[in-house]
2 protein chains.
Amino acid sequence: MISKKTKYAINALVYLAKKNDNTPILISEIAEHEHIPQKFLEAILLDLKKDGILASKKGKGGGYFLLKSPNDVNMADVMRLFDGPIALLPCVTYKYYQKCEECTDEESCGIRSVFLEVRNQTVKLLKKATLTEIIHRGN
Amino acid sequence: MISKKTKYAINALVYLAKKNDNTPILISEIAEHEHIPQKFLEAILLDLKKDGILASKKGKGGGYFLLKSPNDVNMADVMRLFDGPIALLPCVTYKYYQKCEECTDEESCGIRSVFLEVRNQTVKLLKKATLTEIIHRGN
DNA sequence: TACTTATCCTATCTACTTTATAGAGTATTG
DNA sequence: CAATACTCTATAAAGTAGATAGGATAAGTA
């Protein structure tokens, strides 16, 4: 299961992407509309900003808006940002790789083979799932 | 990521399946060979027994052995037993279904559509991954 | 029956993570 | 300067993962 943080992030991003104009949107507006605790959402949006997906503006008329194109924001990246690796086993991740201590030869590990296939399929589907794609699929 | 409990369970099951004879194997033997804390493994094997995958025998000459055929034990079932749902969102699970509070129409939810596809693909691959298949893949 | 073996059961513990809240700080606008 | 709205730091409650301890129960053996 993905964390609420990731779920909130996705909901917020979709909300922002649907407003195709790039005028800043208030945190409070997103929080209210998407039923997210505002203070919690603040931290989430900040992370998305640090990652270069969003940008913000302070003061009156401020808020958050998409920096990247909705075409370039996919679910794999968002999930990795908040929940870490997508793979189900440490030995089939790229960035968080960790060897199984009892494993002598990964190439001949049947378990690894299965979970590598699952990971590759999942990442492929999640990479295709951009904000544009999600909005397009709705309706 | 799957929990260590699930990982340990898979390792233990593969170990038992590789001994194709159905003579009881000691917990201590599995624990030692697979580097699993013995007391922790006891609880895991007990769960697998309650689920009908393993059977046990007490006293001298006792231990655990496969009750189901290695053909009929797949990774989807094992993961569900220990880690719960395979799906990444509560609204795309079967047994643990939960509606998103803000969602008005699931059929038109683009997010749900994406994660339903991921779930279906994952379950399909994990169901195919039986103990027999895993051993076969490991040359 | 008494002893040994090995699973079964219950309780508990520590550390970590998730989710969330509070409050003060900082930059921008008018 | 005052209002607005994002930014930062600290903290706390709740839940979960991973592991350990100790005794209860059942089965075989002499």
Side-chain angles (χ1 to χ4, degrees), chain A residues 1-12 16 23-32 34-67 79 81-85 88-90 96 98 100-101, chain B residues 1-12 16 23-32 34-67 79 81-85 88-90 96 98 100-101:
Chain A
M1 288 277 174
I2 64 174
S3 65
K4 286 202 174 185
K5 212 167 183 174
T6 301
K7 180 77 196 308
Y8 290 159
I10 296 171
N11 286 140
L16 289 174
T23 52
I25 310 292
L26 290 181
I27 296 178
S28 57
E29 181 186 329
I30 306 173
E32 200 173 336
E34 299 295 320
H35 303 92
I36 306 171
Q38 179 162 343
K39 276 296 195 176
F40 199 27
L41 180 59
E42 284 183 16
I44 293 168
L45 296 177
L46 216 46
D47 284 342
L48 288 168
K49 180 189 173 184
K50 279 173 189 156
D51 201 61
I53 295 174
L54 296 181
S56 65
K57 207 182 155 202
K58 283 184 179 179
K60 181 149 192 171
Y64 276 95
F65 53 95
L66 273 174
L67 187 59
M79 283 181 57
L81 181 59
F82 293 103
D83 284 348
L88 294 170
L89 283 182
Y96 299 83
Q98 221 178 324
C100 299
E101 45 178 73
Chain B
M1 289 276 175
I2 65 174
S3 65
K4 286 204 173 183
K5 214 168 183 173
T6 300
K7 180 79 195 306
Y8 290 159
I10 295 171
N11 286 141
L16 289 175
T23 52
I25 309 292
L26 291 180
I27 295 178
S28 58
E29 182 185 329
I30 307 171
E32 199 172 336
E34 299 296 320
H35 304 91
I36 306 171
Q38 180 162 342
K39 276 295 196 177
F40 199 27
L41 180 59
E42 283 184 20
I44 293 167
L45 297 178
L46 216 47
D47 284 342
L48 289 168
K49 180 189 173 185
K50 280 173 190 156
D51 201 61
I53 294 174
L54 295 181
S56 67
K57 207 182 154 203
K58 284 184 178 179
K60 182 147 192 173
Y64 277 95
F65 53 95
L66 271 176
L67 186 60
M79 283 181 58
L81 182 59
F82 293 102
D83 284 349
L88 294 169
L89 282 183
Y96 299 83
Q98 223 177 323
C100 299
E101 44 178 72

Query - Validation row: B:I53, B:L67 side chains within 4.5 angstrom (heavy atoms) - result: no
Query - Closest heavy-atom pair and its distance - A:L26, A:G62 - result: CD2-O, 3.7 Å
Report task. Nearest whole angstrom, please: distance from the P of C:dA20 to the CG of A:L46. Result -> 18 Å
Report summary line: Rounded to whole Å, CG of A:L41 lies from P of C:dT19 at a distance of 14 Å
Query - Whole-Å distance separating the CD atom of A:E42 from the C1' atom of C:dT26 - result: 13 Å
Report summary line: A:I44 atom CD1 is separated from D:dC8 atom C1', nearest whole Å, by 16 Å
**Report entry** From B:L16, B:L46, B:I44, residue fulfilling side-chain contact (heavy atoms from CB on, under 4.5 Å) relative to B:L54
**Finding:** B:L16
Query raised in the report: What integer distance in Å separates A:H35:NE2 from C:dT19:C1'?
Result: 18 Å
Requested in this report: Round to a whole Å and report the spacing from CD1 of B:I25 to P of C:dA6.
Outcome: 12 Å
Requested in this report: Looking at every strand, decide which applies to B:K7 at a 4.0 Å heavy-atom threshold: base, sugar-phosphate, or nothing.
Outcome: nothing
Report task. Mind calculating the distance between CG (B:D47) and C1' (C:dT10) to the nearest angstrom? Result -> 14 Å
Report task. Answer yes or no: is there a donor N or O on one side and an acceptor on the other, between the side chain of B:D47 and the main chain of B:L81, under 3.5 Å? Result -> no
Requested in this report: Tell me, yes or no, whether the heavy-atom count around B:E32 atom CD, taken from other residues, nucleotides or ligands under 6.0 Å, exceeds 12.
Outcome: no
Query raised in the report: Who pairs with B:K49 by side chain to side chain contact (heavy atoms under 4.5 Å, CB included), at least two apart in sequence or on another chain?
Result: B:S56, B:Y64
Report summary line: B:L26 has its side chain closest, among C:dT7, D:dT20, C:dA22, to C:dT7
Query raised in the report: Does any N or O in the side chain of B:D83 come within less than 3.5 Å of the main-chain N or O of B:S3, such that one atom is a donor and the other an acceptor?
Result: yes
Query raised in the report: When all nucleic acid strands are considered with a 4.0 Å heavy-atom cut-off, which category describes A:L45: base, sugar-phosphate, or nothing?
Result: nothing
Requested in this report: State, with a plain yes or no, whether a side-chain heavy atom of B:I27 is found less than 4.5 Å away from one of B:L45.
Outcome: yes
Report task. Could you walk me through whether A:M79 and B:L88 pass side chain to side chain contact (heavy atoms under 4.5 Å, CB included), step by step? Result -> CA-CA 10 Å; A:M79 283 181 57; B:L88 294 169; 4.0 Å; yes
All N/O contacts under 3.5 Å from nucleotides 14-19 of chain D to the protein, with atom names and distances to one decimal?
unit_1 : atom_1 : unit_2 : atom_2 : d
D:dG18 : OP1    : B:K4   : N      : 3.4
D:dG18 : OP2    : B:K4   : N      : 3.1
D:dA19 : OP2    : B:Y8   : OH     : 3.3

Give me, pair by pair, the N or O atoms of the protein and of nucleotides 26-30 of chain D that are less than 3.5 Å apart, along with how far apart they are.
unit_1 : atom_1 : unit_2 : atom_2 : d
D:dA26 : O4'    : B:K58  : NZ     : 3.1

Query - Integer-rounded Å distance: D:dA5 P and A:K49 NZ - result: 16 Å
